[in-house]
Colleague: 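Here it is, the structure in full.
Each ligand, and each atom within it, is numbered from 1 in the order the structure gives. By convention here, the first residue in the shown sequence is residue 1.
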Amino acid sequence: MPTIARRLRRRRQTPAIRAMLRETRLTPSDFIYPIFVADAPKDAGPVSSMPGVVRYDVDRLEGLVERIQSARIPAVMLFGIPAKKDAEGTQAWAEDGVVSRALRRLKSLAPRLTLIADVCLCEYTSHGHCGHVHGERIENDSTLDALQRASITYAAAGADIVAPSGMMDGMVAAIRAALDENKHVDTGILSYSVKYASSFYGPFRDAADCAPQFGDRRSHQMDPANAREALAEAEQDITEGADAIMVKPALSYLDVIARLRRNFESTPIAAYQVSGEYSMIKAAAASGWIDEKNVALESLLSIKRAGADTIITYYALEAAKWLAEGLANDEY
Ligand code: PBG
């Protein structure tokens, strides 16, 4: 008989011991559910590149809200599909714009649900870029004005948190100042601090109809090759007053999440499991190649284990259901 001093398998012997020693646990309170709201009823309906994801008619959110609340999901993040677009993206801050209408509706339906509004221009501009365009260039500073206006409008309509996703320099400071000047001191900022120029956003651009009409987003979103630069982005946003920061996408950037976790221990970190990550699991599962539930939950668990405090995921509703069933069926 060999003498093996450390038998690590002892810790895995029974379901009860495994449950007792588990380091990371998912709960529905880990999730933020993204919602697409359409201004024109004709734009509502299923998103073909994202099975299970629907663009909601802004006047028909009751059923969805009930499902979110009974799943115990604490927050939603809103994306708008406006009926009309223009070069400036004016519908992003119009008072009767689609996101503002949705915010007012959701606030009255579910006063305790946390409402997060994505703040970016790409869904609202005719050219599909995240900022004002001059020639081929995405302008930084004139875009900040637009982001300020949109943030104030969303805060007034009921957003608890605004989430600027355009990767413009100075966006957090500009938005914080504008919110404070307008007495929205309690409206938080969740900044998409570390957003990569990723090909995993493909299905979202179908869902939100926001693919750039020319060029790409590499002059403002980060190069997937860079991780140290992520520290600079996070530090900038924290210094400018971000209440929480985000890494996006999630699964291919777990190293970045872990690194931010170590470097910024006191700032909450969100991670966005993006459309491509979701649709890949859906597609492989539909082909019978993987077990959807187990792969989706493993993927979400790994994002939390890497250090995310909250996960924006299209799987939120399904995952909450699976987790509840799992608890009920635990074998010990
Ligand atoms: C920009 C925005 C995008 C996503 C969230 N906010 C698209 C982009 O940067 O091109 C992508 C989310 C996803 O892929 O699920 N408003």
Side-chain angles (χ1 to χ4, degrees), residues 31-37 47-55 76-82 85 89 91-93 97-99 102 116-133 138 143 146-147 150-151 154 159 161-168 171 175 189-224 233 245-253 270-283 296 299-300 303 308 310-316:
F31 306 137
I32 298 171
Y33 189 56
I35 306 179
F36 297 101
V37 281
V47 177
S48 59
S49 56
M50 300 175 70
V53 172
V54 173
R55 293 166 160 204
V76 297
M77 179 170 241
L78 291 172
F79 296 96
I81 297 128
K85 306 188 184 215
Q91 281 299 306
W93 59 86
V98 59
V99 166
I116 308 174
D118 181 86
V119 178
C120 194
L121 297 187
C122 64
E123 293 121 80
Y124 304 92
T125 50
S126 39
H127 43 70
H129 280 293
C130 308
H132 290 152
V133 169
I138 320 295
T143 300
L147 301 180
S151 301
Y154 298 157
I161 297 172
V162 292
S165 65
M167 290 293 282
M168 295 296 129
M171 66 184 183
I175 290 172
I189 300 177
L190 162 59
S191 181
Y192 285 66
S193 306
V194 182
K195 178 172 178 181
Y196 285 92
S198 168
S199 296
F200 285 95
Y201 307 148
F204 175 95
R205 292 181 186 173
D206 277 355
D209 190 18
C210 69
Q213 298 304 302
F214 62 87
D216 54 44
R217 307 214 201 286
R218 286 184 290 182
S219 76
H220 48 289
Q221 298 182 347
M222 275 185 57
D223 183 337
E233 286 285 359
I245 57 177
M246 190 196 302
V247 176
K248 174 183 170 194
L251 199 60
S252 299
Y253 299 87
Y272 199 143
Q273 183 192 48
V274 300
S275 55
E277 298 177 59
Y278 171 83
S279 296
M280 286 196 304
I281 300 176
K282 285 281 174 192
S299 178
L300 292 166
I303 296 166
T310 177
I311 307 170
I312 300 146
T313 172
Y314 304 100
Y315 266 118

Colleague: Could you list the atoms of ligand 1 found under 4.0 angstrom from a heavy atom of Tyr272?
Modeller: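 Answer, ordered by atom number: 12 (C), 15 (O).
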
Colleague: What is the ring orientation for Tyr272 with Tyr314, classed by angle as parallel under 30°, tilted 30 to 60°, or perpendicular over 60°?
Modeller: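 Geometry flag for Tyr314 against Tyr272: tilted rings.
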
Colleague: Could you tell me the residue and atom name of the protein heavy atom closest to atom 2 (C) of ligand 1, and the distance to it rounded to 0.1 Å?
Modeller: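 Heavy-atom neighbour on the protein nearest atom 2 (C) of ligand 1: Lys195 NZ, 3.3 Å.
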
Colleague: If the condition is ring pair (Phe, Tyr, Trp, His ring centres under 6.0 Å), which residues does Phe200 pass it with, not counting sequence neighbours?
Modeller: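 Ring pair (Phe, Tyr, Trp, His ring centres under 6.0 Å) check on Phe200 returns nothing, list empty.
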
Colleague: Using a 4.0 Å cut-off to any heavy atom of Asp118, which atoms of ligand 1 qualify?
Modeller: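 Those atoms are 6 (N), 16 (N).
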
Colleague: Please find the pair of heavy atoms, one from His132 and one from Ala146, that lie closest to each other, and give the distance.
Modeller: CE1-CB, 3.9 Å

Colleague: Tell me: protein heavy atom nearest atom 16 (N) of ligand 1, and distance?
Modeller: Glu123 OE2, 3.0 Å

Colleague: Starting at NZ of Lys195, measure out to CE of Met246 and round the result to the nearest 0.5 Å.
Modeller: 8.5 Å

Colleague: Considering non-hydrogen atoms of the protein only, which is the closest contact for atom 12 (C) of ligand 1, and what is the distance?
Modeller: Phe204 CD1, 3.3 Å

Colleague: Which of the numbered atoms in ligand 1 are under 4.0 angstrom from any heavy atom belonging to Cys120?
Modeller: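 Close to Cys120: 16 (N).
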
Colleague: Starting from atom 15 (O) of ligand 1, locate the nearest protein heavy atom and write down its residue, its atom name and how far away it is, to 0.1 Å.
Modeller: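 Going by distance alone, atom 15 (O) of ligand 1 is nearest to Tyr314 OH, 2.6 Å.
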
Colleague: Let me know which of Ile161, Ile311, Thr310 forms a side-chain contact (heavy atoms from CB on, under 4.5 Å) with Ile32.
Modeller: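 Single pass found, and it is Thr310.
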
Colleague: Verify, without hydrogens or angle tests, whether Ser165 (side chain) and Cys120 (backbone) share a donor-acceptor contact under 3.5 angstrom.
Modeller: no

Colleague: Which of the numbered atoms in ligand 1 are below 4.0 angstrom from a heavy atom of Ser165?
Modeller: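 Numbered from 1, ligand 1 contributes 1 (C), 6 (N), 16 (N).
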
Colleague: Just let me know how Cys122 lines up against ligand 1, side chain, backbone, both or neither, with a heavy-atom cut-off below 4.0 Å.
Modeller: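 Contact part for Cys122 vs ligand 1: side chain (C-beta onward).
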
Colleague: Using 0.5 Å steps for rounding, measure from the CG atom of Leu300 to the CZ atom of Phe31.
Modeller: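 One finds 5.0 Å between CG of Leu300 and CZ of Phe31.
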
Colleague: Which ligand 1 atoms are under 4.0 Å away from a heavy-atom of Phe79?
Modeller: 5 (C), 6 (N)

Colleague: Note the single closest protein heavy atom to atom 6 (N) of ligand 1, along with its residue, its atom name and the distance in Å.
Modeller: Lys248 NZ, 3.3 Å

Colleague: Going through the checks in order, is the ring-ring contact (aromatic ring centres under 6.0 Å, His included) test met by Phe36 and Phe204?
Modeller: CA-CA 10 Å; Phe36 297 101; Phe204 175 95; 5.5 Å; yes

Colleague: When you measure from atom 14 (O) of ligand 1 to every protein heavy atom, which one gives the shortest distance, and what is it?
Modeller: Ser275 OG, 2.7 Å

